[in-house]
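One structure is given here, and the rest of the page talks about it.
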Number of protein chains: 2
Amino acid sequence: MSLKPVNGAATLAAARRGGGASRYATLARLLTEEIEAGRYKVGQMIPTEAELQQRFDVSRHTVREALRDLKSQGLLTARAGVGTVVRAKSRPTRFMQGIGTLKELVQFVEATRMKVVKRRVLLADADLAERLAVKEGQQLHEAFVLRFLPKEKETVPVASMFIYVRAEHGGVLDHIDKAGQPVFSLVERHHGVRIVEVSQQIVAVTLAPVEARPLKARAGSTALHISRQYFDSQDRMVMASIGLYPSDRFSHNTKFRIQPPDEKDS
Amino acid sequence: MSLKPVNGAATLAAARRGGGASRYATLARLLTEEIEAGRYKVGQMIPTEAELQQRFDVSRHTVREALRDLKSQGLLTARAGVGTVVRAKSRPTRFMQGIGTLKELVQFVEATRMKVVKRRVLLADADLAERLAVKEGQQLHEAFVLRFLPKEKETVPVASMFIYVRAEHGGVLDHIDKAGQPVFSLVERHHGVRIVEVSQQIVAVTLAPVEARPLKARAGSTALHISRQYFDSQDRMVMASIGLYPSDRFSHNTKFRIQPPDEKDS
DNA sequence: TGTCATTTGTTCGTATGTATG
DNA sequence: CCATACATACGAACAAATGAC
């Protein structure tokens with residue numbers, strides 16, 4: 001709305017579609033388009049700030065805001081005394097930083113009480129090996145646990161899960177119900193391994209009677225089936241879990257923040 | 001180290017070690033420390049720009065540069081007319097980087113063909129406003145789309161979804177079935193906004209007959225119900241989607257990599 | 001409802017510092 | 001040393017969003 005006509009700013013004003021965008025945003029998009037169109041090629045320098053300022057009849061500040069945007073997207077690199085160079089033709093696939101992903105895991109386990117129902121040692125058959133990303137025949141320790149909300153006394157569990165660790169780490173399963181800590185950090189602390197990667201698969205399922213019973217849920221009701229595999233730096237599976245989370249008691253929330261390429265370097 | 005300038009007259013110069021750092025960088029560091037120390041708690045507001053300006057005896061520009069830094073790290077969120085609130089206590093040392101999260105989204109849409117079934121304009125009622133994180137009464141454009149695997153001709157859809165964009169971006173819905181691109185990048189390109197954060201909720205559901213029909217699925221079969229909200233840097237919802245992904249056709253996979261504690265700054 | 005004060009967002013102007021060739 | 005170009009910093013003003021009255 002009330003967009004006051006700027007004297008001589010015809011260049012930017014013309015390119016501004018839909019009054020919503022600010023000048024620097026408009027300029028940023030314009031430059032992006034020019035870069036993508038090949039007017040400024042990768043490795044080449046774009047006009048100086050002063051030149052852009054004149055060309056679009058805006059203040060230097062506005063130019064810098066626009067350039068800052070493109071720099072933060074990795075399209076441009078600026079060096080004092082030299083100029084501003086095109087680094088990439090288009091924005092590379094951006095990384096996402098999961099805020100709340102690890103935190104959420106930690107909070108979940110910290111907010112719940114774990115009860116070990118059953119334990120056993122087994123050798124991974126073909127099916128399990130596939131699902132846990134280990135070799136067939138690998139010796140594993142398994143624990144079947146239930147998670148409860150700590151406040152309420154012994155009501156319905158929030159989730160049930162199978163936890164698997166390699167035979168050499170089997171000891172940690174003795175402590176998982178005491179320490180109010182994620183199992184993977186227990187493994188890390190007790191055995192000096194360092195989890196570097198986590199893989200996760202989520203499927204929707206309906207509970208079979210055998211699965212529903214320990215959860216005190218109705219057979220046939222829906223649940224999230226979440227399996228996770230934890231790997232160390234050599235890509236060995238260190239730990240895995242397969243859990244069932246009834247829909248009426250649990251929803252899986254994640255928040256991603258696009259990672260800004262660290263400024264002022266490279 | 002950090003001495004605490006509490007009342008009025010402590011300049012930044014005192015806290016500046018060596019003098020190597022710029023004022024805004026020094027201020028940014030100082031604020032970070034205060035947040036980590038708990039002086040400003042998560043959810044609380046930090047002093048206004050004017051107050052910080054006075055307290056540290058710097059220009060508003062310098063204050064804003066410092067705040068911009070913290071905002072880009074996800075520690076702060078600012079909203080015009082309200083203030084600047086602390087969002088997180090620290091940039092956690094162990095961060096998870098979702099590899100495959102964004103990539104996976106992109107691949108999914110690139111690997112599928114989208115068909116727009118229906119479109120309409122609507123005002124968000126209380127329920128929808130809640131689910132999409134917008135204000136009640138917000139005008140929205142809605143598209144109901146089906147996703148197919150491109151190879152097979154007109155078989156069963158992989159997913160159905162409702163896509164919502166703000167009224168001023170409604171135009172992009174005209175192109176979503178043509179461009180083999182994620183909708184959010186269309187919005188970014190066409191309107192010069194930049195998605196900075198994505199929030200996602202996953203629940204397991206059973207399909208109601210109305211939902212099952214367009215999917216050519218059996219009513220009562222299970223599906224993942226995934227809603228996502230896309231936000232810009234001012235925390236405004238730019239786009240949202242609510243999708244149903246039948247379990248037998250789709251599973252949600254994510255891979256997280258723990259970020260190495262590189263830490264180079266300061 | 002609408003007005004008003006507050007707070008951040010955008011834009012201009014100007015000056016000086018720093019890195020480079 | 002000097003000219004160039006980006007980096008930092010100060011000041012000022014208005015716009016837009018919001019919440020309170």
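Lettering of chains follows the sequences in order, A, B, ..., and the numbering in each one begins at 1.
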Requested in this report: State the OH-NE2 distance between Y24(B) and H61(B), to the nearest 0.5 angstrom.
Outcome: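 The OH atom of Y24(B) sits 9.0 Å away from the NE2 atom of H61(B).
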Query - Rounded distance [0.5 Å steps], CZ in R228(B) versus CD1 in I242(B) - result: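 Here the interatomic distance stands at 12.0 Å.
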Report task. Select one nucleotide: of dA9(D), dT10(C), dC12(C), the one nearest the side-chain heavy atoms of S22(A). Result ->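 From the listed options, dT10(C) comes nearest.
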Query raised in the report: Thinking salt bridges, do R55(A) and E34(A) make one under a 4.0 Å N-O criterion?
Result: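 Salt bridge: yes.
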**Report entry** Under-4.0 Å salt bridge between R119(B) and D174(B)
**Finding:**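 Counted as a salt bridge, because a side-chain N and a carboxylate O are separated by less than 4.0 Å.
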Starting at atom [atom1] of [X], determine the distance to atom [atom2] of [N], rounded to an integer number of angstrom.
X: D57(A); N: dG13(C); atom1: CG; atom2: P; result: 8 Å
X: F56(B); N: dC10(D); atom1: CZ; atom2: P; result: 13 Å
X: H61(B); N: dC12(C); atom1: NE2; atom2: P; result: 15 Å
X: D69(B); N: dT8(D); atom1: CG; atom2: C1'; result: 13 Å
X: Q53(B); N: dT7(C); atom1: CD; atom2: P; result: 13 Å
X: Q54(B); N: dC10(D); atom1: CD; atom2: C1'; result: 15 Å
X: L52(A); N: dC12(C); atom1: CG; atom2: P; result: 13 Å

Report task. Can you sort out the partners of F162(B) under ring-ring contact (aromatic ring centres under 6.0 Å, His included), two or more places apart, ordered by chain and number? Result ->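 Here the qualifying residues are F144(B).
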**Report entry** ring-ring contact (aromatic ring centres under 6.0 Å, His included) against H169(B), all qualifying residues, sequence neighbours excluded
**Finding:**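 Once residues adjacent in sequence are excluded, the partners of H169(B) under the ring-ring contact (aromatic ring centres under 6.0 Å, His included) criterion are H191(B).
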With the criterion being N/O to N/O and under 3.5 Å, what pairs connect the protein with nucleotides 5-7 of chain D, and how long is each?
residue	atom	partner	partner atom	Å
dA5(D)	N3	G81(A)	N	3.3
dC6(D)	OP1	T84(A)	OG1	3.3
dC6(D)	OP2	E49(A)	N	3.0
dA7(D)	OP2	R64(A)	NH1	3.0
dA7(D)	OP2	R64(A)	NH2	3.4
dA7(D)	OP2	K71(A)	NZ	3.1
dA7(D)	N7	R60(A)	NH2	3.1
dA7(D)	N6	R60(A)	NH1	3.2

**Report entry** N/O (side chain, R23(B)) to phosphate O (OP1/OP2, dC10(D)) under 4.0 Å
**Finding:**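 Yes, within the criterion.
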